[in-house]
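Structure first, commentary second.
When a residue number appears, it is its place in the shown sequence, counting from 1. The basis for the numbers below is simple: all heavy atoms, side chains too, and nothing from hydrogens, waters or symmetry mates.
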Amino acid sequence: MDAFHKEGLLGGLYDAGDAFLCIHASMGGVSAEEWAEMLLHTYTGWAERRNFSTSVIYKDKGDEAGIKSATIALRGSYAYGLARGETGVHRLVRLSLSSGESRREIAFALVKVLPLVDDVPELEIKSEDIRTETLQIDGQTAVQMTYREGTPEQVVVVSQIEGSVPQSEATAHRLLRGRLLTRELRGQREAAAKLRGEAYQVDADTQIRTYQLHPETLVRDHRTDYTTSDVNDVLDGALDLFMEAYLRWNVGRDTA
C-alpha cells in the first residue's frame, strides 16, 4: 500500500475509506443471475484475502438460480480506492450448463462501487425529495428509498439489515449518499475530460473485463490489457493484480 501512495495511485479524496459494492445481473437470463452470484463470491473472497470485513446490505435471489442483485459493504483500509476500478460490465463466456450440446453461453453483470461516507457537506439532499417505504423480501423487512421520484434524477436504493428497520434506513441513507456522490464525481470527470479535449465514457456502461472459461481459460481487462489464465484463482478473489494494473493505467485520468 505504501508503494501505491508514493506513486500517487491512491490519492483520491475518498480512496482511504470504505465502500459499497453493488452487483446486478444483466443480459443472459438465468446465466446472468448465476454469474452475478459468482461475482459476489469473487468480491467477498477478495475482501477476505485483504482482511476486510464484509456485510450483505441487500440480496435479491434469482427466480431459478443465482441472484438478481446484491449490495455488500467493504470495510477496510483503502477499500474504496482499491475497488473503485471494478465499476463496469463484467462478461462471462463459458460452456452452456443447461444444454447437452457443446456450445458457448455468454452472460453479463454490472458492478458499481460507491464510496461509503457518513457526511458530504457539498451534497444537498432534502428530506422532502426522498420517499421511504418498507418491503418484504424473502420474508425479511427491507427499506427502499426513492430520491426525486419520477424525475430524470431519480435514484432508488434498498437496504435490508436483518432484524433492524432503523439500521436498514440508516444504511439506505448512506447508499443514497454514495450514489449521488458518485454521480457528482462522474460529472466532474466528464467536465475535466472535455477540457482536455477527450471523450468520456461512463464507467458503468463500459465492458471492462471478460472471464473466459471456454474454449480456453483467460481473464482479460479491456482497459489495461492485463491478462491471466488462472481463472479459478481470480474467481476465488485474486483481484489485486487487476486492481494494481487499473490504478497504474488510470494515473492522470481521474482522482475521484
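- For the residue pair Trp249/Asp225, the side-chain donor-acceptor check at 3.5 Å is not satisfied.
- Between the side chain of Thr87 and the main chain of Val113, a donor-acceptor pair closer than 3.5 Å is present.
- Across every non-hydrogen atom of Leu239 and Thr42, the tightest pair is CD1-CG2, 3.8 Å.
- At least one side-chain heavy atom of Lys68 sits less than 4.5 Å from a side-chain heavy atom of Asp63.
- For the atom pair CG of Leu92 and OH of Tyr211, the computed distance is 9.5 Å after rounding to the nearest 0.5 Å.
- A salt bridge between Glu169 and Arg174 is absent, with no side-chain N of the basic residue lying under 4.0 Å from a carboxylate O of the acidic one.
- With a 6.0 Å radius and a threshold of 12 heavy atoms from other residues, nucleotides or ligands, Glu133 has its CD atom above the threshold.
- Under the 4.5 Å side-chain criterion, counting only non-hydrogen atoms from C-beta, Val219 is not in contact with Tyr226.
- Checked by atom type, the side-chain pair Gln154/Glu149 shows no donor-acceptor distance below 3.5 Å.
- The existence of a salt bridge linking Glu190 and Arg186 is excluded, since no basic side-chain nitrogen approaches an acidic carboxylate oxygen closer than 4.0 Å.
- Side chains of Ser31 and Glu105: a donor-acceptor N/O pair is present below 3.5 angstrom, by distance only.
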Original post:
For Arg177 and Asp119, what are the C-alpha separation, side-chain angles and deciding distance, and is it a salt bridge (charged side-chain N to carboxylate O under 4.0 Å, His left out)?
Top reply: CA-CA 8 Å; Arg177 198 176 296 118; Asp119 186 35; 5.6 Å; no
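- Thr146 places none of its side-chain heavy atoms less than 4.5 Å from the side chain of Ile130.
- Side chains of Gln144 and Thr132: a donor-acceptor N/O pair is absent below 3.5 angstrom, by distance only.
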**OP:** Go through the steps to decide whether Thr228 and Val234 satisfy the test side chain to side chain contact (heavy atoms under 4.5 Å, CB included), and finish with yes or no.
**Re:** CA-CA 9 Å; Thr228 179; Val234 171; 3.6 Å; yes
Subject >> Stepwise side chain to side chain contact (heavy atoms under 4.5 Å, CB included) check, Leu114 with Leu181 >> reply: CA-CA 8 Å; Leu114 315 173; Leu181 178 57; over 6 Å; no
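- The environment of Arg183 atom CZ is dense: over 12 non-hydrogen atoms of other residues, nucleotides or ligands sit within 6.0 angstrom.
- Considering Leu213, Thr227, Asp230 in turn, Thr227 is the only one that fulfils the side chain to side chain contact (heavy atoms under 4.5 Å, CB included) rule with Leu218.
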Subject >> salt bridge (charged side-chain N to carboxylate O under 4.0 Å, His left out) evaluation trace for Lys59 with Asp138 >> reply: CA-CA 9 Å; Lys59 182 162 67 173; Asp138 296 328; over 6 Å; no
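- Judged by the 6.0 Å and 45° rule, Arg209 forms a cation-pi pair with Phe242.
- Environment of CD in Glu162: sparse, with no more than 12 heavy atoms of neighbouring residues, nucleotides or ligands closer than 6.0 Å.
- Ion pairing between a basic and an acidic side chain is recognised when a charged N comes within 4.0 Å of a carboxylate O; Arg50 and Asp240 show such pairing.
- Inter-residue side-chain proximity for Tyr43 and Thr54 is flagged as unmet; no heavy-atom pair is nearer than 4.5 Å.
- The pair Asp233-Arg49 meets the salt-bridge criterion, since a charged nitrogen lies less than 4.0 angstrom from a carboxylate oxygen.
- The minimum heavy-atom distance between Ala70 and Leu40, with the atom names listed, is CB-CD2, 4.3 Å.
- Salt-bridge check for Glu153 with Arg148: passed, with a basic side-chain N closer than 4.0 Å to an acidic carboxylate O.
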